[in-house]
Asker: 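My structure is below; once you've seen it, I'll send some questions.
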Amino acid sequence: MADRWALSSAEDGGVDVAPLGPEGLPAAPVRREAGPAEAVRSRPGVTRWVWRSTAEVYPRLLAAGVRVERCYDVEAAETLLLGHEGRYGQPRSAAAALARLRGGPVPPDPPQRPAEPGAQSSLFEPRGAHVPLTDLLAVYADQQRRIEATAHPDRMRLLVAAESAGMLVAAEMNRAGLPWRADVHRAVLHDLLGERYAGGGEPRRLAELADEVSAAFGRRVRPDLPADVVKAFAQAGIKVSSTRRWELESLDHPAVKPLIEYKKLYRIRVAHGWSWLQDWVRDGRFRPEFLAGGTVTGRWVTNGGGALQIPKVIRRAAVADPGWRLVVADAAQMEPRVLAAISRDPGLMEVAGRETDLYQSVSDRAFSGDRAQAKLAVLGAVYGQTSGDGLKNLAALRRRFPRAVAYVDEAARAGEEGRLVRTWLGRTCPPATRTTDDAVEEAGIPLTEEESDAARQWVPGYASTDARARGRFTRNFVVQGSAADWTLLLLAALRQAVRDMAAELVFFQHDEVIVHCPEEEAETVVTAIREAAELAGRLTFGPTPVRFPFTTAVVECYADAK
DNA sequence: TACCGGCGCGCC
DNA sequence: AAAGGGCGCGCCGGTA
């Protein structure tokens, strides 16, 4: 049996399948099966399934208890290839790819479905049009040709495979859910916010803090309304331009302390309070919907439930099943290690070649012992900091690690000049949007700087992207995105390593992964994570001295991991 | 009534 | 110590 088969869904719920020949053509007649589960289950020797969309097919397979080893997600590949070809924004569906290939009218992509509690119900709705198997394979064959046409075909092939693996992991995580104790969550809310009064008013602690704020101002102030707060400070003779916490913290006024406390607790109530629990937790699991490759840098997003922003205090409610554990693994200083790997800066590679605290090592070399300064400077270089201590220390960083800083500087210059940048594996940033200056220039109207600023109010097509912001974006893109490349490979390797165990991947957040497993598997999982990280490093970046250590914690409760 | 931009803050 | 990059999301107030 060929190890690579294609599968496409038909309107009646059945599927067509065929083995792939060397040219991406069917190596045998197309066969009809009653459903994807039947088709896949009866072909255990298949090591990679080529299909239109993992999000369409795989949840149905998982619901039937069927997993696949690998897949090739045609629509994920199309998205990556369009980006690489500088055609960001063109419709990315298989149907659109086919139309481009055949020269027909290109259908727009279906609209994104908004977040919706209880996503289970929508798992089976088809997203996007069905494409007949032979057409799907025509698109697939064309994609293979386009991959070969890229600057680094081996990397692009790896990226497409990794993105496809990410789609599988995301679907499996969506099915598993994060173990969640609603009773513990309610206890935490009660501890923080106090009792709720009948009638739906604010919980006791919030009401008390609001009263304290009002008392401090000498009049009724709504602490949840920024405009009201700004006005109240103005009446007290204090000018504030916003009510952001860092700005309030510098003020000397009795309202500041209760106000900041109120904002913190208010945030928890609206974002992760009782109604969140009602909406997103069912049967002892928190079920957000993970979307692999949901951001331009390749980081994932979640749809609903604010899953990537769970406040630390609320993590108390993420508790393993009885007899099970959570293995919480966090990549240590991921971004500077990735910068070392992609820039090949000798000094930074040497530092990143050790598993010990990278910021401390950088500091020993460049800042005579101040770890905090070193961390600020490194992150400032990666983020494009424009002022403050990080900038001051950038000079020292540049002296010690010239190639690393030059790498992100070059990415920033590319952005400022309107060029595209790519991650290590070839994920490409979107093009710059039109700015005021572009629009004015195209219109041939000479304007002074003041007039140009004023024009922002009305010029059609204006987007708030100036060249400098663009530079900061591309500077960060190459590091954040290459880190995302690596984490995809990590997830793929870890998934393979635990496939015959009871362990399940239940959570992923940029540089942190949680595995839920029986207590007796925990140590094996810890080892698997370490090995997967090193394998991912070699696969992604090739031979490199850079190490990618994880800090792992085996805990019953997520909150105990730090 | 529905939609949208701005705000502010949670996480990395 | 400063306010730089990527997101999701709930609230508010303005507008259609």
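Remember, it's a predicted structure, so these values are computed and weren't measured experimentally. First the proteins, then the strands, lettered A, B, ... as listed; each starts at 1.
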Asker: At less than 4.0 Å, is any side-chain N or O atom of A/Arg299 found next to OP1 or OP2 of C/dG6? Yes or no.
Answerer: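 False: A/Arg299 side-chain N/O out of range (4.0 Å or more) of C/dG6 OP1/OP2.
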Asker: Identify which nucleotide among C/dG5, B/dG8, B/dG10 has an atom closest to any side-chain atom of A/Tyr383, counting heavy atoms from C-beta outward.
Answerer: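 Between C/dG5, B/dG8, B/dG10, the one nearest the side chain of A/Tyr383 would be C/dG5.
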Asker: I want to verify a distance call: between C/dG5, B/dC11, B/dG10, whose nearest atom is closest to the A/Arg315 side chain?
Answerer: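 Of all the options, the side chain of A/Arg315 is nearest to B/dC11.
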Asker: Which listed nucleotide (B/dC12, C/dG5, C/dC7) is nearest to the side chain of A/Val301?
Answerer: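 Given the options B/dC12, C/dG5, C/dC7, the side chain of A/Val301 is closest to C/dC7.
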Asker: Report which part of the nucleic acid A/Arg475 touches: base, sugar-phosphate, or nothing (heavy-atom distance under 4.0 Å, all strands).
Answerer: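 Here A/Arg475 touches no strand at all.
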Asker: Atom NZ of A/Lys231 to atom C1' of C/dC12: distance rounded to whole Å?
Answerer: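 The answer, rounded to whole Å, is 14 Å.
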Asker: Just checking A/Arg267: base, sugar-phosphate only, or nothing, at a heavy-atom cut-off of under 4.0 Å?
Answerer: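 If one applies the 4.0 Å heavy-atom cut-off, A/Arg267 turns out to touch a base.
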Asker: Side chain of A/Leu225 only, heavy atoms from C-beta on: which candidate in C/dG13, B/dG8, B/dC11 is closest?
Answerer: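 Ranking C/dG13, B/dG8, B/dC11 by closest atom to the A/Leu225 side chain puts C/dG13 first.
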Asker: Side chain of A/Pro311: nearest nucleotide among C/dG5, C/dG10, B/dG10?
Answerer: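 Closest nucleotide among those given: B/dG10.
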Asker: Could you state the atom-to-atom distance from CG of A/Leu394 to P of C/dG4 in whole Å?
Answerer: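 Going from A/Leu394 (CG) to C/dG4 (P), I get 16 Å.
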Asker: Name the residue closer to the 5' end of DNA chain C, choosing between A/Glu247 and A/Arg269 according to the nucleotide with the nearest heavy atom.
Answerer: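 Here A/Glu247 is the residue nearer the 5' end.
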Asker: Can we call the ring centroids of A/Phe217 and A/His253 under 6.0 Å apart?
Answerer: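 Between A/Phe217 and A/His253, the centre distance is under 6.0 Å.
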Asker: Salt bridge or not between A/Glu410 and A/Arg413? Use side-chain N to carboxylate O under 4.0 Å.
Answerer: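 A salt bridge is present here (some side-chain N lies under 4.0 Å from a carboxylate O).
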Asker: Considering only C/dG4, C/dG5, C/dC7, which nucleotide approaches the side chain of A/Asn476 most closely?
Answerer: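 The nucleotide sitting nearest to the side chain is C/dG5.
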Asker: Would you mind classifying the nucleic acid contact of A/Phe508 as base, sugar-phosphate or nothing, using non-hydrogen atoms under 4.0 angstrom?
Answerer: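 No contact.
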Asker: Choosing from C/dA1, B/dG10, B/dC11, which nucleotide comes nearest the side chain of A/Leu376?
Answerer: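 Minimum distance to the A/Leu376 side chain belongs to C/dA1.
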Asker: Decide if atom NZ of A/Lys263 counts as having more than 12 heavy atoms of other residues, nucleotides or ligands within a radius under 6.0 Å.
Answerer: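 Yes, the 6.0 Å shell around NZ holds more than 12 heavy atoms from other groups.
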Asker: Whole angstroms only, please: what is the CH2-P distance between A/Trp486 and B/dC12?
Answerer: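 Whole-Å distance recorded here is 16 Å.
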Asker: Hey, is CZ on A/Arg468 packed in by over 12 heavy atoms from elsewhere, all under 6.0 Å?
Answerer: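 Counting other residues, nucleotides and ligands, CZ of A/Arg468 stays at 12 neighbours or fewer.
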Asker: Let's see if you can work this out: which of B/dC9, C/dC12, C/dA2 has an atom nearest to the side-chain heavy atoms of A/Arg222?
Answerer: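 Closest nucleotide among those given: C/dC12.
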Asker: Would you say B/dG8 has OP1 or OP2 under 4.0 Å from some side-chain N or O of A/Thr243?
Answerer: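 A/Thr243 to B/dG8 OP1/OP2: side-chain N or O found under 4.0 Å.
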Asker: Mind checking if A/Gln480 touches a base, just sugar-phosphate, or nothing, with heavy atoms under 4.0 Å?
Answerer: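 Base contact.
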Asker: With a 3.5 Å cut-off and no angle check, do the side chains of A/Asp73 and A/Thr54 form a donor-acceptor pair?
Answerer: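 Indeed, the side chains of A/Asp73 and A/Thr54 share at least one donor-acceptor pair under 3.5 Å.
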Asker: Tell me which nucleotide among B/dC12, C/dG6, C/dC11 gets nearest to the side chain of A/Tyr266.
Answerer: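 So the nucleotide nearest the side chain must be C/dC11.
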Asker: Rounding to an integer number of Å, can you tell me how far A/Glu289 CD sits from C/dC9 P?
Answerer: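 Whole-Å distance recorded here is 10 Å.
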Asker: Tell me the interatomic distance from A/Asp330, atom CG, to B/dC11, atom C1', rounded to whole angstroms.
Answerer: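 Rounded to whole Å, this separation is 12 Å.
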Asker: Please tell me which of the listed nucleotides, C/dG4, B/dC12, B/dC9, lies nearest to the side chain of A/Arg244?
Answerer: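 Within the option list, the nearest is B/dC9.
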Asker: Checking all strands, does A/Val296 fall into the base, sugar-phosphate, or nothing category for heavy-atom contacts under 4.0 angstrom?
Answerer: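 Sugar-phosphate contact only.
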Asker: From the options A/Ile514, A/Val319, A/Asp560, select the one residue that forms a side chain to side chain contact (heavy atoms under 4.5 Å, CB included) with A/Val555.
Answerer: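 So, applying the side chain to side chain contact (heavy atoms under 4.5 Å, CB included) to A/Val555 and each of A/Ile514, A/Val319, A/Asp560, only A/Asp560 qualifies.
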Asker: Look at A/Lys263 and B/dC9 and indicate whether a side-chain polar atom (N or O) is within less than 4.0 Å of OP1 or OP2.
Answerer: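 Answer yes for this pair, as a side-chain N or O of A/Lys263 is under 4.0 Å from OP1 or OP2.
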